[in-house]
Amino acid sequence: MSEERTERATGLDELVRRRRANLEALRRSGVDPYGQRYQVSHACRQVVDGFDGLAGQPVRVAGRLMALRRHGGSAFGDLRDQSGRLQVYFRRDRLGAAYDLLIDHVDLGDILGVSGDVFRTKKGEISVDAAEYAVLAKCLRPLPEKWRGLKDIETRYRQRYVDLIVNPGVRETFLSRSLAVRSIRAFLDERGFVEVETPVLHTLYGGAAARPFVTHHNALDLELYLRIALELHLKRLVVGGLERVYEIGRVFRNGGISTRHNPEFTMLELYQAYADYTDMMALTEELVAHVFRTVRGTTSVAYQGQALDFSPPWPRLDFSEAFEKYSGVDVADLDDDARAAEVACRLELQLGRPPTAATVIEAVLDRRVLPNLVGPCFLVDYPLSISPLARRIPDRPHLTYRFEAICAGRELANAFSELNDADDQRQRFLAQAMERAKGDEEAHVMDEDYLRALEVGLPPTGGLGIGIDRLVMFLTDAPSIRDVILFPLLRPREEV
RNA sequence: GGGCCAGUAGCUCAAUGGUAGAGCAAGGGCCUUUUAAGCCCGAGGUUGAGGGUUCAAGUCCCUCCUGGCCCCCCA
């Protein structure tokens, strides 16, 4: 049936057919429509910015032909490369037969190399008077409309290459993302952190409460999991004496997809020996402020119309106080499952997991507490029941030295003083196993090797995790996480 | 998995249940300083797919597909 479709001359097929005919026509004229390397002397922007020194000088530029305004014996083209746009001027009296080839057989979207002299038109636009051009790649498919761009969200995500060509803001977003990640590395490197890479394929998944993706290694006949966090391997490295480590890496969580969740996303996690969560708070503020200054030039931005100021210090809110203030529930009462179930019922919480103390606390936190917090702020001293890897507060045994940075009602960072007491950690894992037995699939699994590492001795350590995608959403004012992920997961489609 | 919404030409969008249109792109002309170039001409459609109601369906009903938003999920 797909054969019928390709045989029938639809509009698209006809457009592609014409472009292919142009490709063949170029070949017949001795022009290779997939040219060789083109020695470029300037980026488009460099020509524009450097006009004063370049006027009358020859330059060689290359880019995609985005527009062609034909006037009979001459034509103005818009050439665009990564740096920006540059106008090129083609004249028959200079190019001769090559001019007619351009007019007849070069299509919008083709990638051209152009050499010629820099000049300024009567209307004042800096341009290149083409002495020669080369076709470097043929564009066989029509590009979306030039000034309204590509709006269809599905096509934008599925054909990101087209989205990047026709929607300039998209390129800006991903350049910002790149700059953000670079600025994070610079910030941490300067503070003596060592960047490492830990396995993506895990024999046990841990470090977060989430369901994993399962895969299989053939030679070992082994069930493996894509990592859901970086945490446990990085702390093993601190045990090994790498006192300041970080990793920026992809993690995978087998959950739902939404404007704030993609099944794979990028986490920064860092661990600092001999530090605690107060150090992590200071580090979080400084790091995030540094990234905003680097990328946006300011720490004061608007996110989806909401004013946010990331300049340190950020307010500290006590978890228990905030919890009670916004939910009317004393978190200390949520210490057994029966009472938790009662609260879940009273607050009409729909839970995907069994109503245990932990799951109810998390549900109340997510739905009743966080939406009220604009931030950025720190929510400090989390309950132990939802913090199986965090150090206990000695005189408040139901709480841990853990905080999350909250911004626009969502978690931006998660950090704690790491639990380094191997025996306490074992008890926590056992408690998690009981949660799992109650049906909570996201409860942490027992990890004997991690316990062995703790038995070797983890120094007191502060750990921090930041969701890079969410940070970039705030940096670029992106409403959906898909807008900051180049290729978000979509259900595959036969015909696009 | 549930609720709501959307899908019309390559792209962006129109069209009381009554002959499917426009702009851009593409095609044929004119045009050597335009920049959303302009002017003239012609073309382009299984209205996401499949059923149904009706004299008549892009429009109403049902099923399905894909996507979006909100739930669920995701500390």
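The figures that follow rest on heavy atoms only: side chains count, while hydrogens, waters and symmetry mates do not. Chain naming here is simple, since letters A, B, ... match the order of the sequence lines and numbering starts at 1 in each. These numbers come from a predicted model, not from an experiment.
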Donor on one side chain, acceptor on other, A:Glu247 and A:Thr198, under 3.5 Å: yes
Sugar-phosphate, base or nothing in reach of A:Lys123, heavy atoms under 4.0 Å: base
C1' spacing across the pair B:C60 / B:G38, given as an integer number of angstrom: 45 Å
Sugar-phosphate, base or nothing in reach of A:Gly465, heavy atoms under 4.0 Å: nothing
salt_bridge(A:Glu24, A:Arg28) N-O dist < 4.0 Å: no
Among B:A26, B:U34, B:C69, the one nearest A:Thr259 by side-chain distance: B:C69
A:Arg18 CZ - B:G44 P separation (whole Å): 11 Å
Per A:Thr121 side chain, nearest of listed nucleotides B:U32, B:U34, B:C69: B:U34
Sugar-phosphate only, base, or nothing, as touched by A:Tyr382 at under 4.0 Å among non-hydrogen atoms: nothing
salt_bridge(A:Lys325, A:Glu321) N-O dist < 4.0 Å: no
Sugar-phosphate, base or nothing in reach of A:Arg141, heavy atoms under 4.0 Å: nothing
Sugar-phosphate only, base, or nothing, as touched by A:Leu150 at under 4.0 Å among non-hydrogen atoms: sugar-phosphate
Contacting residues from residues 103-115 of chain A, given that a heavy atom lies under 4.0 angstrom of RNA chain B: A:Leu108
Length of the line joining A:Arg260:CZ and B:G68:C1', which is rounded to integer Å: 14 Å
B:A57 versus B:U16 - spacing of their C1' atoms, nearest Å: 13 Å
Selection from B:U66, B:U34, B:C11 that lies nearest to any side-chain heavy atom of A:Glu154: B:U66
Rounded distance (nearest 0.5 Å) linking atom OG of A:Ser387 with atom CG of A:Asn414: 8.0 Å
A:Arg141 atom CZ, neighbour heavy-atom count above 12 within 6.0 Å: no
Whole-angstrom distance between B:U59 and B:U46, as gauged at atom P: 16 Å
A:Glu125/A:Arg85 salt bridge by N-O under 4.0 Å criterion: yes
cation_pi(A:Arg120, A:Phe51) dist<6.0 Å, angle<=45: yes
Whole-Å distance separating the CG atom of A:Asp13 from the C1' atom of B:U46: 14 Å
Sugar-phosphate, base or nothing in reach of A:Asp152, heavy atoms under 4.0 Å: sugar-phosphate
C1' atoms of B:G52 and B:U12, separation to the nearest Å: 33 Å
